[in-house]
2 protein chains.
Amino acid sequence: MNTTAKPPRTIVDADTAAARILDAAETLFYREGSRNVGVDAVVKEAGVNKMSLYRQFSSKDELLRRYLQRRDDRFWGYVDASLELHPHDAAAALRQFFADLAERAGNPAYRGCPFVNIAVEYPEREHFARVFVADNKRQLLQKLTELATRAGARDPAALAKGLALLIEGAYAASQTYAPETELLSALPATADLLIAAAMLS
Amino acid sequence: MNTTAKPPRTIVDADTAAARILDAAETLFYREGSRNVGVDAVVKEAGVNKMSLYRQFSSKDELLRRYLQRRDDRFWGYVDASLELHPHDAAAALRQFFADLAERAGNPAYRGCPFVNIAVEYPEREHFARVFVADNKRQLLQKLTELATRAGARDPAALAKGLALLIEGAYAASQTYAPETELLSALPATADLLIAAAMLS
DNA sequence: AGGTGATGTTACCGGTCGGTAACATCGTCA
DNA sequence: TGACGATGTTACCGACCGGTAACATCACCT
């Protein structure tokens with residue numbers, strides 16, 4: 001028998017190749033870290049040839065850019081899904097977001113906030129990926145401030161910053177603390193407390 | 001003139017070589033990330049030869065272990081320094097810790113919590129460095145719980161977890177948010193709020 | 001049918017990684 | 001003085017990194 005049979009050549013058009021590469025990059029960059037994953041691993045996971053990658057993307061950095069954009073879209077999808085449940089009650093919307101975040105971050109496959117991970121992976125604050133991260137966080141703080149204002153907080157900026165710290169804390173703690181610690185179980189109640197305290201005159 | 005003059009051979013004994021290597025590793029691993037720094041960069045920073053490293057340390061992993069131990073010692077030094085200022089007032093001690101943390105994390109050279117960074121750099125929870133990190137955090141939560149108890153909190157475990165989340169949040173936010181955001185300025189007040197709320201009947 | 005452009009495959013480039021062998025050179029102590 | 005052990009220096013190993021050239025093969029359109 002022929003033990004050296006080559007696998008059949010499979011041909012995929014450029015668009016599907018690009019999509020599969022992006023899917024593979026999203027999976028691997030998030031799970032293993034963008035700097036720990038080589039392009040060879042990406043194309044293997046995507047089931048395409050390395051040249052297919054470099055014909056669709058100019059470089060690994062370009063792939064990283066697209067990865068960040070995907071993560072950004074996904075993140076705001078999470079936010080919108082939580083907030084839409086309470087369109088006329090900003091305080092409830094905030095509480096909902098923390099409940100949903102605690103749920104997501106408690107998943108065993110959760111590997112933390114992709115943006116926090118990027119910030120750790122790239123030491124230079126001027127790196128384009130770090131700039132992207134800072135921009136995402138800036139928009140998040142803005143959204144939190146807007147919600148805190150609508151909720152009627154005495155000092156909306158202060159409440160928003162406190163909640164932003166809690167959010168980052170949930171991200172980091174999901175990776176630093178052992179799962180048995182169940183630190184995230186305290187997230188919703190702590191957020192509720194901050195929100196409630198911000199309403200009192 | 002002789003433009004190819006070799007630098008003079010400098011000889012240092014094993015102990016000072018080991019110390020300089022550890023210092024260099026601590027600086028570089030923290031600033032750039034342990035996986036982003038090669039042993040060549042470490043020996044260059046230390047001003048010693050690569051063989052001097054491998055005669056003192058069995059591997060880069062061994063160096064990483066020593067690095068983690070150093071950071072652990074340093075961390076508990078910070079904790080003790082804050083707590084010692086209020087030996088008979090646990091609530092004040094907690095508040096002091098957050099004030100000092102906000103100060104440290106606001107330093108421009110601050111590169112976040114070394115343990116958070118390790119957790120991001122190494123994807124596998126079973127990796128020895130991740131286990132070390134989880135152990136440090138477990139001890140921190142224990143210390144916080146003990147202080148919350150001494151402070152007279154109604155639910156010490158809940159307060160400790162909330163504060164632990166805030167701490168991790170300060171670490172992560174120091175790297176994700178742009179400095180202009182001054183998110184850390186909200187840290188002490190938020191911690192104070194949580195502590196005060198935990199005391200009320 | 002023939003040609004043309006997109007895709008797949010292989011092999012390779014220079015650079016960096018962690019780690020080591022071999023040898024030169026030094027200080028120290030008998 | 002001579003020998004021995006510790007240190008410094010150089011060169012190298014195989015593996016992986018991001019990226020590319022050259023060529024084989026296919027689909028599709030005229």
Side-chain angles (χ1 to χ4, degrees), chain A residues 2 4-22 24-25 28-29 31-68 118 121-124 127-129, chain B residues 2 4-22 24-25 28-29 31-68 118 121-124 127-129:
Chain A
N2 185 356
T4 64
K6 282 189 188 176
R9 246 178 88 146
T10 59
I11 291 187
V12 299
D13 66 291
D15 288 351
T16 53
R20 277 158 62 167
I21 289 167
L22 270 176
L28 294 179
F29 283 2
R31 201 176 58 201
E32 316 278 345
S34 69
R35 295 187 70 150
N36 295 332
V37 171
V39 290
D40 292 291
V42 173
V43 300
K44 185 175 180 182
E45 169 85 10
V48 303
N49 193 269
K50 182 149 72 158
M51 279 309 300
S52 294
L53 189 159
Y54 280 101
R55 282 198 262 252
Q56 306 301 326
F57 305 93
S58 63
S59 65
K60 190 189 177 185
D61 274 1
E62 168 77 14
L63 201 54
L64 179 58
R65 250 181 275 265
R66 302 287 298 271
Y67 164 73
L68 289 170
I118 289 288
E121 284 194 277
Y122 296 88
E124 301 134 355
H127 190 283
F128 76 88
Chain B
N2 185 358
T4 63
K6 282 189 189 178
R9 249 177 87 147
T10 59
I11 292 187
V12 299
D13 66 290
D15 288 351
T16 52
R20 276 158 62 166
I21 290 167
L22 270 177
L28 294 180
F29 284 1
R31 200 175 59 200
E32 316 278 346
S34 68
R35 296 187 69 150
N36 296 333
V37 172
V39 290
D40 293 292
V42 172
V43 300
K44 185 175 180 182
E45 170 85 12
V48 304
N49 193 268
K50 182 148 71 156
M51 280 309 300
S52 294
L53 189 158
Y54 281 100
R55 282 198 261 252
Q56 306 301 326
F57 305 93
S58 62
S59 65
K60 190 188 177 186
D61 274 1
E62 168 76 14
L63 201 54
L64 179 57
R65 250 179 276 266
R66 301 287 298 269
Y67 165 72
L68 289 170
I118 289 287
E121 284 193 276
Y122 297 87
E124 302 134 353
H127 189 283
F128 76 88

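Reminder, nothing fancy here: chain letters follow the sequence lines and each chain counts from 1. Just so it is clear, the values below take in all heavy atoms, side chains as well, and ignore hydrogens, waters and symmetry mates.
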message: Just the rounded figure in Å: distance from P of D/dT7 to CZ of B/Arg20.
response: 13 Å

- line: In short, A/Ile118 meets A/Ser34 closest at the heavy-atom pair CD1-OG, 4.0 Å

For B/Tyr67, all residues meeting side chain to side chain donor-acceptor pair (under 3.5 Å), sequence neighbours excluded: none

Please enumerate all protein N or O atoms sitting under 3.5 Å from an N or O of nucleotides 17-23 of chain D, with distances to 0.1 Å.
{"unit_1": "D/dG18", "atom_1": "OP1", "unit_2": "A/Lys60", "atom_2": "NZ", "d": "2.7"}
{"unit_1": "D/dG18", "atom_1": "OP2", "unit_2": "A/Val39", "atom_2": "N", "d": "2.7"}
{"unit_1": "D/dG19", "atom_1": "OP2", "unit_2": "A/Tyr54", "atom_2": "OH", "d": "2.7"}
{"unit_1": "D/dG19", "atom_1": "OP2", "unit_2": "A/Lys60", "atom_2": "N", "d": "2.9"}
{"unit_1": "D/dG19", "atom_1": "O5'", "unit_2": "A/Tyr54", "atom_2": "OH", "d": "3.4"}
{"unit_1": "D/dG19", "atom_1": "N7", "unit_2": "A/Lys50", "atom_2": "NZ", "d": "2.8"}
{"unit_1": "D/dG19", "atom_1": "O6", "unit_2": "A/Lys50", "atom_2": "NZ", "d": "2.5"}

query: Would one find more than 12 heavy atoms of other residues, nucleotides or ligands at under 6.0 Å from atom CZ of B/Arg66?
result: no

Show me the protein contacts with nucleotides 14-16 of chain D, counting only N or O atoms at under 3.5 Å.
none

- request: Quick one: list whatever passes ring pair (Phe, Tyr, Trp, His ring centres under 6.0 Å) with A/Phe57, sequence neighbours left out.
  value: none

- request: Assign B/Ala17 to base, sugar-phosphate, or nothing according to its heavy-atom contacts below 4.0 angstrom with the strands shown.
  value: nothing

field: Those residues that, when tested against A/Tyr122, pass ring pair (Phe, Tyr, Trp, His ring centres under 6.0 Å) (two or more places apart)
entry: A/His127

- prompt: Which residue pairs pass the salt bridge (charged side-chain N to carboxylate O under 4.0 Å, His left out) test with at least one member in residues 38-58 of chain B, sequence neighbours excluded?
  reply: B/Asp40-B/Lys50

- line: Heavy-atom closest pair (B/Leu63 atom, B/Ile21 atom, distance to 0.1 Å) is CD1-CG2, 3.9 Å

query: What integer distance in Å separates B/Asn49:CG from C/dG18:C1'?
result: 15 Å

field: Rounded distance (Å) that lies between atom C1' of D/dA6 and atom CG of B/Asp15
entry: 12 Å

message: Main chain of B/Ala18, side chain of B/Gln56: is a donor-acceptor contact present, judged purely on distance under 3.5 Å?
response: no

